[in-house]
Amino acid sequence: MSLQKTIALIGNPNTGKTTLFNALTGLRQRVGNYPGVTVERKSGTIPLQGSAIELIDLPGTYSLAAQSPDEMIAVDLLLGQQSGSAPIDGVIVILDATNLQRNCYLLSQILECGLPILVVLNMIDAARKSGIRIDVRRLSARLGVPVVETCARTGEGIRDVLQVLCQLPPPLPTPPVTPLTLPAALATAQAAVAETAELSAVEALRVLVDTEGYAAQRYLQRCPECADRLAEWRRTAANGTSLAAIEASSRYTWIRQLLRDVVATPAVRTKSWSDRLDAVLTHKIWGTLTFSMVTILVFQSIYAWAGPLMDCIDWLFGTLGTTIGAYLPRGALRSLIVDGIIGGVGSVLVFLPQILFLFLFIAIMEDCGYMARAAFLMDRLLSRLGLSGKSFIPLLSSFACAIPGIMATRTIEDRRDRLVTIMVAPLMSCSARLPVYTILIAAFIPAHAYLGGWLGLQGIVLFAAYSIGLFVAIPVIWLLKRTLFRAATPAFVMELPPYKWPSLSLVGHRVYERGMAFVRRAGTIIFAMTIVVWALSYFPRPAGIAQKYAGQRVATAVLHHPAEAAAELARIDREEAGAYLRASAMGHLGQWIEPVVKPLGWDWRIGMATLASFPAREVIIAVLGTIYNLGDAVDETSAGLQSALRTAHWPDGRLVFSIPVALSIMVFFALCCQCGATVATIRRETNSWQYAWLTFGYMTILAYGAAFLTYRATEWFLG
Amino acid sequence: MTKRLNTLRPGERGIVEAIHGDSAVTQRLAEMGMVPGATCEVVRYAPLGDPIDILLDGYHLSLRKRDAAHVSLA
Ligand SMILES: Nc1nc2c(ncn2[C@@H]2O[C@H](COP(=O)(O)OP(=O)(O)OP(=O)(O)O)[C@@H](O)[C@H]2O)c(=O)[nH]1
Ligand SMILES: [Mg+2]
């Protein structure tokens, strides 16, 4: 089977391009109900008899006048300006059938590109439901291209799409029955630009109309001396008004003609349930109240519902450790498996249910249409800081994981605003922080319950931990926008799509995918870090220690009554384990780190665990599991990490962990950029190491300072 | 002087007469259908007073008051 044709999917944002792409290729790219879900090009193949088509899914755009990096990707591909990729053989233009008029704007521009076109009217189910009737035959005849109705979500009409694609190459559009004509002055100027710069008519129009657009910038880069001429052309064509307005009105005039007698919309627009829902969710009081209730409930449910599942997994690993421990002889191998792998990686995997719950909530929010409302609600606050509501969507996504959040900033027009958003995205509490918070909260925050058990102190503290990043982001954005990234506050123009019932399979798949990603991380980077940490904490093992404690054991047996001897022996075991740990490489390194972390209330073990967590923050759970297993408990079961933390003590016998220490660790992890993948993503998305290190640096300093303050303040407060 | 879009109260509507100015925002608004003849209804203001949620020829669009001031209504 050879790849023969490349076809691109183009359309306005949120029209179901990716849903159609998935239906055609069988892949499962990300879908969500807000504009700007897809921000990079993705390709897949459609197998057909004897041949195959390469299908390219693209970010959505309202027009060929791209304003943001994601729109740029779509437009560049269409105009064949993407370096290193073959030109496309045709396009599928997706139109949202519920909003045909606006969707036809982009279509009118694409028709001028001279590529073979297939028009798909998607969301036909929603259109029918709201009483919109479309005469597809007439539309197809007027446009001179094939038109197919689909409901990509259910798969209706996919066969028709395939059928048209089978008859490749699709016919070039015959000139539309009602060709679009631009005003004479604009057309003349367009021809002049096209001729002098050897551009296609479509590109020439972009150079001319989009005064500050990418096309004009590129044109002037190639031909700096053309600036005056270009300005002159623009002046004569515009004749006192704006070229953009002229282009838009000509196109909409054409669209109205095109759609006359093609689309029948009900005369009175009935208030949809989406509108009524919006009246509540964007209401000053009810909206805020609902949102707070839902989030608090989510945090509460993370405890209440995930708990039993986590206990199951915990028990499973505990039993596994005991069983394996019983078969293996005492020594390095048993220690590696029981203390290192099971005690380390196992204690991370215990958190899988909580992470799934969190993702369930985020996936529902992404698919129901709330994301765009969140941007709408937050725009005012963000505009005071110098950004717009658009930045809020990447920030919200970062609560799941900063990497897709950073990618999502591609929808932001201004480069400086995008950089600011990228730099604060890792401050949002991602799912990898959840295990850190949970273990400390479960061990040290009492489980008080209020409101008849509906609200617990632990849930509230978790909520607070989750909010820290968001609150700290406020001054950081303010500062960045006033120093390194000075720019005017950007505008905010955003479509608010209707609410939809989240699709069960979409949400289910997303949760499954993220769950697998978590397990993979546990099996790779966390596994590797755990082994390194285990080795550092196990070796070297000086012979002197074994001799010293062997002697003590003999003495105990001789001197003590058998009843007392057992307890005494257990104490000796613990001390011996502690001595080994101090003598290990980790113990030596720990002595160096202790002065640095002492001000935060930490002992060297927490310090080392934190240091080891810089590649991936979940490592701290694994490392604490390993270190405390090796250092304290010598009994066969990998005693729960929680109780190990509760009983850990300083050499002088004081407990290591207290509420201030637990809080200071939580604050540190909330604010620190401990994620190699995030640093790499920032570097890739900004094309420079500079911003990656800047982010890493400021967050580390911030985390240290805030952890110090938290420790001191709570110490003082709790007396 | 004609009415501007930012002066409408929730529930009020108007027909777009012209869009003034020449910037990336006004271009985007025009491309999204804010052209002479389009109907605009202000649905609500965000709880903090800005931005506005408007119904533009049947779909919801949100924009700031400052940018809505560029749109004059017939
Ligand atoms: N009712 C209905 N909903 C659909 C249909 N196709 C897609 N959707 C929903 O529309 C929303 C947007 O779908 P996507 O496939 O993410 O849209 P997109 O065009 O790729 O969006 P961007 O990547 O943001 O440009 C999702 O919530 C889909 O479930 C359809 O035919 N009918
Ligand atoms: Mg998409």
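Below, chain A is the first sequence line, B the second, and so on; all start at residue 1.
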[atom1] of [X] to [atom2] of [Y]: how many Å apart, nearest 0.5 Å?
X: B:E31; Y: A:L64; atom1: CD; atom2: CG; value: 9.0 Å
X: A:L243; Y: B:D22; atom1: CG; atom2: CG; value: 7.0 Å
X: B:Y59; Y: A:N103; atom1: OH; atom2: CG; value: 9.0 Å
X: B:L63; Y: A:E495; atom1: CG; atom2: CD; value: 13.0 Å

Is it the case that the side chain of A:Y252 and the backbone of B:A38 share a donor-acceptor pair, with hydrogens and angles ignored and the cut-off at 3.5 Å? no
Under 4.5 Å from a heavy atom of chain A, the part of B:L56 involved: neither
Taking side chain as everything from C-beta outward and backbone as N, CA, C, O, which of these in B:D67 sits under 4.5 Å from a heavy atom of chain A? Side chain, backbone, both or neither. side chain
Heavy-atom proximity to chain B below 4.5 Å, by part of A:D278: both
Select one option (side chain, backbone, both, neither) describing which atoms of A:S388 are under 4.5 Å from chain B's heavy atoms. both
Take atom NZ of A:K284 as the centre, draw a 6.0 Å sphere, and report whether it contains more than 12 heavy atoms from other residues, nucleotides or ligands. no
Is there side-chain contact between [X] and [Y], with at least one heavy-atom pair below 4.5 Å?
X: A:T211; Y: B:Q27; result: no
X: A:S383; Y: B:R64; result: yes
X: A:S242; Y: B:T26; result: no
X: B:L61; Y: A:L496; result: no
X: A:M494; Y: B:D53; result: no

Ionic contact status for B:D57 with A:R102, cut-off 4.0 Å: no
